[in-house]
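Some notes on the structure that comes next.
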Amino acid sequence: MSDEPQSWAPRDSSGAGASSGNDRPTASGEQPGKRPGQKPGKSGKPGKSGKPGKKARPRRTGWRRAVPTWRMTLGTLLGLVVLLGAGIFAAYRLVDIPAANAAATAQSNVYLYSDGSVIARDGDVNREKVKLSQVPPTVQHAVLAAEDRDFYSDDRAVDVKAMLRAGWNTVTGKGKQGGSTITQQYVKNYYLGQERTVLRKAKEAIIAVKLNREETKDQIFEGYLNTSYFGRNAYGIQAAAQAYYGKNVEELTTAEGAYLASLLNAPSAYDVIAHPGNKPAAQRRWNYVLGGMVKERWLTAAERATTRFPTPGEAKPSNGLSGQRGYIVQAVEDYLNRRGILDAKTLATGGYRITTTLDKAKQDAFVKAVADNVTAKTSADRAADRNVRVGGASIVPETGKVVALYGGIDYTKQYVSNATRRDYQVGSVFKPFVLTSAVVNDSTTQDGRRITPNTVYDGTNKRTVVGVQGSTDYAPANEDDVDYGDITVRVATDKSVNSVYAQMAQDVGPAKVRDTAIALGIPADTPDLTAAPSIALGTANASVLDMAEAYATLADHGRHGRYVLVEKVTKDGAEIELPERTTDQAVSREAADTTTAVLRSVVEGGTGTAAQAVGRPAVGKTGTAEEDRAAWFAGYTPDLASVVAVMGQNPDTGAQTPLYGALGLSRVNGGGAPAETWAAYTEAALRSSPAQEFDLRPAPGSDEGDELLIDENADGGTDPSSSADPDASPDTTSDTTPDSTPDGSAPPTSGTSSGGNTGGNTGADTTGGADEGAVSVPDGNG
């Protein structure tokens with residue numbers, strides 16, 4: 001044991017400096033467990049030795065270990081915000097404003113009477129777009145008060161607060177709610193759809209923000225008004241105005257506008273007609289809208305106090321194209337296409353508002369006249385009655401406007417319009433054109449006498465037509481094979497004598513007769529409008545509307561202008577230019593007035609006496625087609641020209657059929673049901689108008705009783721072989737014939753004479769039974 005004192009380090013009572021092995025200091029004098037250069041108390045751990053350190057955080061134990069710290073929560077939230085922002089940014093960049101959905105752009109074409117009332121719509125979607133400027137300010141304010149009062153003052157396209165509230169209400173079972181601005185609703189209607197999903201809602205918000213930057217508020221609001229659903233199958237404010245109040249949007253009152261605005265919230269819940277029990281709720285919503293208008297100073301309190309609840313009209317079922325509607329739509333579409341205004345493909349895109357010239361009162365009068373004088377006389381017990389068809393048209397001579405058009409019993413049952421079809425012979429209603437042409441061309445008979453109403457002709461039954469080269473093979477029969485002997489043209493017109501008019505057509509020149517008919521308004525491409533003597537007896541297949549136009553020309557003293565069926569066309573508020581109607585003096589006034597004077601006696605004492613029931617000065621002509629397959633009456637007063645035709649057609653095969661036994665009669669002729677229908681319609685159509693007298697200036701020598709002597713200065717006196725060729729006289733109609741009209745040089749039929757007069761045998765092929773009094777069967781009076 002050494003005598004040197006021992007040097008022991010004191011034991012750390014806390015055990016902090018204890019060593020598991022050697023407690024002695026190292027050779028370097030450093031204490032065990034210390035890093036080189038580390039000072040006592042600087043171990044970094046809290047302890048009692050050295051300088052005091054931070055207190056150690058107690059370790060989380062138990063359930064606290066599952067709860068995130070605030071640092072974790074904040075970090076997570078910040079991360080989510082960043083992710084959400086990045087997602088929104090990416091979605092904004094990736095989601096483009098899409099093309100409009102088909103349902104939002106689909107529109108029907110709307111066809112209107114001249115007074116603006118609706119005739120028909122031809123589309124599946126009842127929508128008609130209008131400009132915002134067409135919507136009265138009070139109606140605009142009503143919609144804003146109901147849906148989005150801050151629309152114009154708030155630049156935000158999306159109401160986030162409302163969306164969150166709506167989402168919460170949906171999640172908690174308080175019902176699905178939109179929480180949308182007008183911009184969002186427009187996006188939903190126009191670009192997306194009506195499904196309610198989170199994805200659709202997100203896309204809606206993004207597109208709304210983009211749209212708000214690219215379009216003006218007015219553009220968005222206009223789109224919203226045109227795409228919103230108002231109930232009653234009405235899409236858009238214009239369709240709603242018609243559906244609930246039967247008027248255009250421009251005519252809506254403040255009260256009506258507020259009611260329509262109320263419907264936007266829940267159309268079925270506020271239709272007080274369809275659901276009368278909902279009226280209290282509808283009135284509350286209506287009051288809410290008006291109250292909002294007052295609050296926003298869009299309506300004064302005084303105006304509000306005098307505003308009364310505007311009960312809407314009865315809901316009308318979709319009329320489609322039933323009744324006359326389909327015929328009218330068909331005629332209008334054909335008119336627009338033929339006049340080069342709108343072709344079928346363009347019209348099919350929809351959205352056109354077409355105002356016709358049709359007068360609703362006159363249209364209704366025509367329908368009633370047919371019902372009373374034809375339909376009411378049919379019977380299910382008579383087989384012939386199932387074949388009865390009726391066509392009608394009415395034109396104002398001075399303007400050419402078609403004011404009524406009757407196509408048939410019902411478009412959904414009989415698709416072909418009897419007013420515009422060109423497959424029935426017109427019969428003797430064509431004869432007045434022969435007389436007109438005779439006066440126009442200053443024509444003479446074969447023996448050189450000038451043709452006037454008082455010119456005497458041989459009315460012998462089956463008399464062979466004579467041309468400049470002698471007899472032809474054409475010998476038409478008169479009605480019931482009656483021989484009239486020598487009679488004047490006037491009497492021959494009254495009695496519709498075929499033998500006289502066939503000869504007169506030959507004397508005038510069939511080509512000239514054809515030209516005159518075209519000048520009056522008969523289309524040049526009319527089937528069987530053949531330049532032959534038989535043309536006088538109505539072998540041509542002109543339509544009822546064609547004949548009405550020609551007779552309107554006679555009524556207007558020979559001035560012709562094409563008929564007008566459409567007076568205004570608009571789309572999206574913009575008006576489409578229509579061709580201007582022009583008129584010319586198609587035939588001389590003397591020629592037209594001479595014909596009118598002769599036709600007056602047809603009504604006064606001829607085959608058309610039934611037309612006297614009109615109760616005012618009137619003229620007209622009867623006609624019957626081959627084998628009584630159609631019976632016609634064409635007539636006019638100074639202010640209205642109308643044509644009625646009763647036709648026979650098998651509904652199963654479509655074949656034309658005789659009218660024998662129809663309407664309980666042995667035969668139907670022009671002086672019966674057609675003339676009666678004409679008189680009933682014309683009387684009703686003009687009931688509120690004063691009667692007018694005809695102002696006529698007939699050609700010299702046309703008055704009844706005038707005697708026309710044979711022209712003694714004509715070469716050869718009365719010798720037909722030396723008389724002047726009627727065809728050599730100037731054709732005064734050629735200068736006024738439309739450009740598309742043939743020049744009259746139609747190829748002659750077999751047997752045509754070389755002298756220009758057509759005298760060939762046309763009876764066998766084009767007229768045999770087609771003319772009145774045809775040999776094959778009894779024929780009705782012209």
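Since the model is a prediction, treat every value here as computed from it, not as a measurement. Along the sequence shown, residues carry numbers from 1.
Applying the salt bridge (charged side-chain N to carboxylate O under 4.0 Å, His left out) test to D486 and every residue at least two apart in sequence or in another chain returns nothing. For D372, the side chain to side chain contact (heavy atoms under 4.5 Å, CB included) criterion is met by K368, not counting sequence neighbours. Remark: R338 engages D334 in a salt bridge (charged side-chain N to carboxylate O under 4.0 Å, His left out) (not counting sequence neighbours). For E676, the salt bridge (charged side-chain N to carboxylate O under 4.0 Å, His left out) partners two or more places apart in sequence, or in a different chain, are K377. Shown here are the ring-ring contact (aromatic ring centres under 6.0 Å, His included) partners of Y551, two or more places apart in sequence or in another chain: F433. Residues meeting the ring-ring contact (aromatic ring centres under 6.0 Å, His included) test with Y636, sequence neighbours left out: none. Not counting sequence neighbours, the partners of T436 by the side-chain hydrogen bond (donor to acceptor under 3.5 Å, both in side chains) test are T595. Residues that satisfy the side chain to side chain contact (heavy atoms under 4.5 Å, CB included) test with S417, not counting sequence neighbours, are Y327, Q330, A419, T420. Partners of T526 by side chain to side chain contact (heavy atoms under 4.5 Å, CB included), not counting sequence neighbours, listed by chain and number: I522, P523, L529, A540, A542. A search for ring-ring contact (aromatic ring centres under 6.0 Å, His included) contacts involving Y457 returns nothing, not counting sequence neighbours.
Nearest heavy atom pair, residue W632 against residue M547, reads CZ3-CG, 3.9 Å. Closest heavy-atom contact between V465 and P476: CG2-CD, 4.3 Å. Contact between I535 and F430 at its shortest, heavy atoms only, is O-CD2, 3.1 Å. Across all non-hydrogen atoms, the minimal contact from V614 to A679 is N-CB, 3.9 Å. When all heavy atoms are compared, the tightest approach of G459 to V500 is CA-CG2, 3.7 Å. Across all non-hydrogen atoms, the minimal contact from A592 to G558 is CB-N, 3.4 Å.
Here the side chain of D458 pairs a donor or acceptor atom with the backbone of T460 at under 3.5 angstrom. A donor-acceptor pair is defined here as one N or O able to donate and one able to accept, closer than 3.5 Å; no such pair exists between the side chain of S437 and the backbone of V434. No donor-acceptor pair under 3.5 Å is formed between the side chain of T677 and the backbone N or O of V370. Judged by distance alone, the side chain of T455 and the main-chain N or O of R450 form a donor-acceptor pair under 3.5 Å. No donor-acceptor distance shorter than 3.5 angstrom exists from the side chain of R389 to the backbone of A630, with no hydrogens or angles considered. With D359 contributing its side chain and A361 its backbone, the two residues share a donor-acceptor pair below 3.5 Å. In this structure a side-chain-to-backbone donor-acceptor pair under 3.5 Å is present from R449 to V456. Distance alone, capped at 3.5 Å, places no donor-acceptor pair between the Q656 side chain and the G648 backbone. Not one N or O on the side chain of N461 forms a donor-acceptor pair closer than 3.5 Å with the backbone of A477.
Residues Y681 and S394 have side chains that bring a donor and an acceptor to within less than 3.5 angstrom of each other. Of the N and O atoms on the side chains of N454 and T452, not one donor lies less than 3.5 Å from an acceptor on the other residue. Residues T624 and D628 bring no donor and acceptor atom of their side chains to less than 3.5 Å of each other. The closest side-chain donor-acceptor pair between S601 and D494 falls under 3.5 angstrom. With 3.5 Å as the limit, one finds no donor-acceptor pair spanning the side chains of T530 and D528. Remark: the S496 side chain and the K621 side chain contain an N/O donor-acceptor pair separated by less than 3.5 Å.
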With side chain to side chain contact (heavy atoms under 4.5 Å, CB included) as the test, would you mind laying out the steps for V564 and T399 before giving the verdict?
CA-CA 8 Å; V564 179; T399 63; over 6 Å; no
So K431 and L537, side chain to side chain contact (heavy atoms under 4.5 Å, CB included) or not? Walk me through it.
CA-CA 6 Å; K431 286 177 179 174; L537 309 187; 3.7 Å; yes
Side chain to side chain contact (heavy atoms under 4.5 Å, CB included) between L686 and L640, intermediate numbers included
CA-CA 8 Å; L686 299 178; L640 192 63; 4.1 Å; yes
Show, in sequence, the C-alpha distance, side-chain angles and deciding distance for D385 and V388, and conclude whether the side chain to side chain contact (heavy atoms under 4.5 Å, CB included) test is met.
CA-CA 5 Å; D385 284 349; V388 172; 4.3 Å; yes
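The shortest side-chain heavy-atom distance between Y424 and Q649 falls under the 4.5 Å cut-off. Counting heavy atoms from C-beta on, the side chains of N418 and V544 never come closer than 4.5 Å. Between L663 and V374, the closest side-chain pair of non-hydrogen atoms falls below 4.5 Å. Side-chain contact between N373 and W678: absent, with no pair of heavy atoms (C-beta onward) separated by less than 4.5 Å. Using a 4.5 Å heavy-atom threshold, the side chains of S443 and D507 count as separate. Side chains of P533 and T472 form no contact here, defined as non-hydrogen atoms less than 4.5 Å apart. Side-chain contact between Q446 and Q503 is present, with at least one heavy-atom pair separated by less than 4.5 Å. Side-chain contact between V489 and V598 is absent, with no heavy atoms from C-beta onward closer than 4.5 Å.
Between Q363 atom CD and Y406 atom OH the span is 9.5 Å, to the nearest 0.5 Å. Between atom NE2 of residue H560 and atom CD of residue Q585 there is a gap of 12.0 Å, rounded to the nearest 0.5 Å. Remark: N478 CG to K462 NZ distance equals 10.0 Å, nearest 0.5 Å. Note that the OG1 atom of T596 and the CZ atom of R697 stand 13.0 Å from one another [nearest 0.5 Å]. From R616, atom CZ reaches atom OG of S689 across 6.5 Å, with rounding to the nearest 0.5 Å. Atom-to-atom distance recorded for I395:CD1 and L545:CG is 5.5 Å, nearest 0.5 angstrom.
For the salt bridge (Lys or Arg N to Asp or Glu O under 4.0 Å) condition, the pairs that include at least one residue of residues 534-562, sequence neighbours left out, are R422-D546, D556-R559. Counting only residues at least two apart or on different chains, the salt bridge (Lys or Arg N to Asp or Glu O under 4.0 Å) pairs with a member in residues 593-606 are R589-D593.
Within a 6.0 Å radius of CD in E590, more than 12 heavy atoms belonging to other residues, nucleotides or ligands are found.
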